[in-house]
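Shown next, in structure tokens, is the structure this report addresses.
Computed from a predicted structure; not experimentally measured. For the numbers below, each heavy atom of this structure counts, side chains included, while hydrogens, waters and symmetry mates do not. One-based numbering, in listed order, for ligands and for the atoms of each.
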Amino acid sequence: MFLHRMNVLAAQPRIRTPLHIAQRVTRGRLVMEGVGKTFPGTAVPVLKDITLTCEPGEFVVVVGPSGSGKSTLLNIAAGMTNMDSGTVTLDGKSTDTPGPDRAMVFQDHGLFPWLTAEQNIGFGLNMAGMAKSERLDRVEAALKMVHLTHTRTKLIHELSGGMRQRVAIARALVMDPAVLLMDEPFAALDAQTRTLLHEQLQELWCQSHKTILFVTHSVGEAVRLADRIIVLHAHPGRIRRVVDVNLPHPRQFDSYDISTLVTLVRKEIEDEVNRVNREMANDYWKPEDQSDQKSDVRGEGDGI
Ligand SMILES: Nc1ncnc2c1ncn2[C@@H]1O[C@H](COP(=O)(O)OP(=O)(O)OP(=O)(O)O)[C@@H](O)[C@H]1O
Ligand SMILES: [Mg+2]
């Protein structure tokens with residue numbers, strides 16, 4: 001069995017914020033069942049039989065070696081990449097195509113350089129034809145959430161890297177999606193800015209109760225933010241381990257519990273990287289049965 005569930009520190013009850021208890025979140029249930037994907041021209045599936053449910057308001061973080069299909073999984077959930085098998089639903093509706101119920105934040109902020117911070121944030125609402133007064137209210141609230149009210153009129157090149165990512169997060173939040181899909185959103189930032197954004201994202205998540213599916217290479221980031229960490233196998237991408245993180249939010253990096261978990265998850269990933277390296281050196285992954293053999297071209301993967 002590949003799937004092991006670890007309820008680490010299970011003795012401690014999960015502590016939710018008072019707001020979390022008061023507002024029962026009912027929106028944002030993302031269900032993936034048996035998701036499989038093979039890109040044309042490769043024999044090794046990028047994803048194989050991924051079954052994962054993100055409960056409303058849950059913060060789920062996916063980690064795994066490079067090329068294990070993390071971004072592909074997010075893109076499938078976003079409706080930007082088709083899957084070959086399985087189903088993905090959000091609140092019971094298929095996510096085959098992109099929709100306003102899902103918003104994505106990438107490592108590259110993708111903001112329009114000719115627009116100000118507030119114009120970038122309001123762009124989607126404008127395109128959706130929202131009345132000006134409501135639009136301004138929502139942009140105002142989003143600016144406040146990411147602590148950027150004072151830089152609203154600045155152009156993108158006038159903002160720091162961290163501010164740009166916060167504008168990108170506000171632009172996603174302002175659409176009021178049920179789920180936020182975040183693909184290494186802080187990967188390009190320096191350590192201090194990253195720490196600051198972890199604090200702000202935790203605060204924002206506690207306020208907004210969005211379901212968040214977040215991809216990162218940083219184990220520390222995963223442990224700090226997640227309710228649950230999904231560790232992927234590579235080649236093909238499958239769920240290797242699920243780690244519940246029963247620690248109250250907001251979390252501090254320097255606590256004993258956090259560093260214990262970081263060591264544990266890091267070990268999982270190192271073992272996986274070593275496993276993949278051994279397989280690549282010896283005998284590459286072989287499909288389990290004939291039906292998996294779509295072509296005799298070998299997938300190269302991304303390396304680790
Ligand atoms: N559009 C595509 N066409 C063909 N192959 C693709 C495509 N997108 C991704 N792949 C391949 O699928 C595999 C998984 O890619 P993916 O980007 O999902 O991995 P990842 O886990 O996000 O990696 P990283 O951690 O480096 O971002 C890689 O081998 C990649 O080359
Ligand atoms: Mg990726």
Does Phe39 reach ligand 1 with a nitrogen or oxygen that is under 3.5 Å from one of the ligand's nitrogen or oxygen atoms? no
Atom indices of ligand 1, in the order listed, that fall short of 4.0 Å to a heavy atom of Glu184: 27 (O)
Would Gly69 count as a polar contact of ligand 1, with the cut-off being nitrogen or oxygen pairs under 3.5 Å? yes
With a 4.0 Å cut-off on N to O distance, would you call Arg224 and Glu199 a salt bridge? yes
Identify, by atom number and element, the atoms of ligand 1 in contact range of His217, meaning under 4.0 Å from any of its heavy atoms. 24 (P), 25 (O)
Smallest separation among heavy atoms of Ala170 and Val146, with atom names: CB-CG2, 3.8 Å
Output, by chain and residue number, all protein N/O/S atoms separated from the Mg ion (ligand 2) by less than 2.8 Å. Ser71 OG
Applying a heavy-atom cut-off of 4.0 Å, say which part of Thr72 lies close to ligand 1: side chain, backbone, both or neither. both
Give every residue pair that meets the side-chain hydrogen bond (donor to acceptor under 3.5 Å, both in side chains) criterion with at least one member in residues 116-125, sequence neighbours excluded. Thr116-Gln119, Glu118-Arg152
If you take all heavy atoms of Arg27 and Thr211, which pair is closest and at what distance? O-OG1, 3.9 Å
Nearest heavy-atom contact between Gly237 and Ile50 is O-CD1, 3.6 Å
Validation: residues 105-112 side-chain donor-acceptor distances under 3.5 Å, sequence neighbours left out:
residue: Asp108; atom: OD1; partner: Gly110; partner atom: N; Å: 3.3
residue: His109; atom: ND1; partner: Leu111; partner atom: N; Å: 2.9

Remaining members of the apolar cluster that contains Val31, side-chain heavy atoms under 4.5 Å: none
Among the heavy atoms of Ser68, does any lie under 4.0 Å from an atom of ligand 1? yes
Could you report the tightest heavy-atom contact between Lys37 and Ile76, atom names first, then the distance? CB-CD1, 4.1 Å
For the residue pair Phe214 and Phe59, categorise the inter-ring angle as parallel (less than 30°), tilted (30 to 60°) or perpendicular (more than 60°). tilted
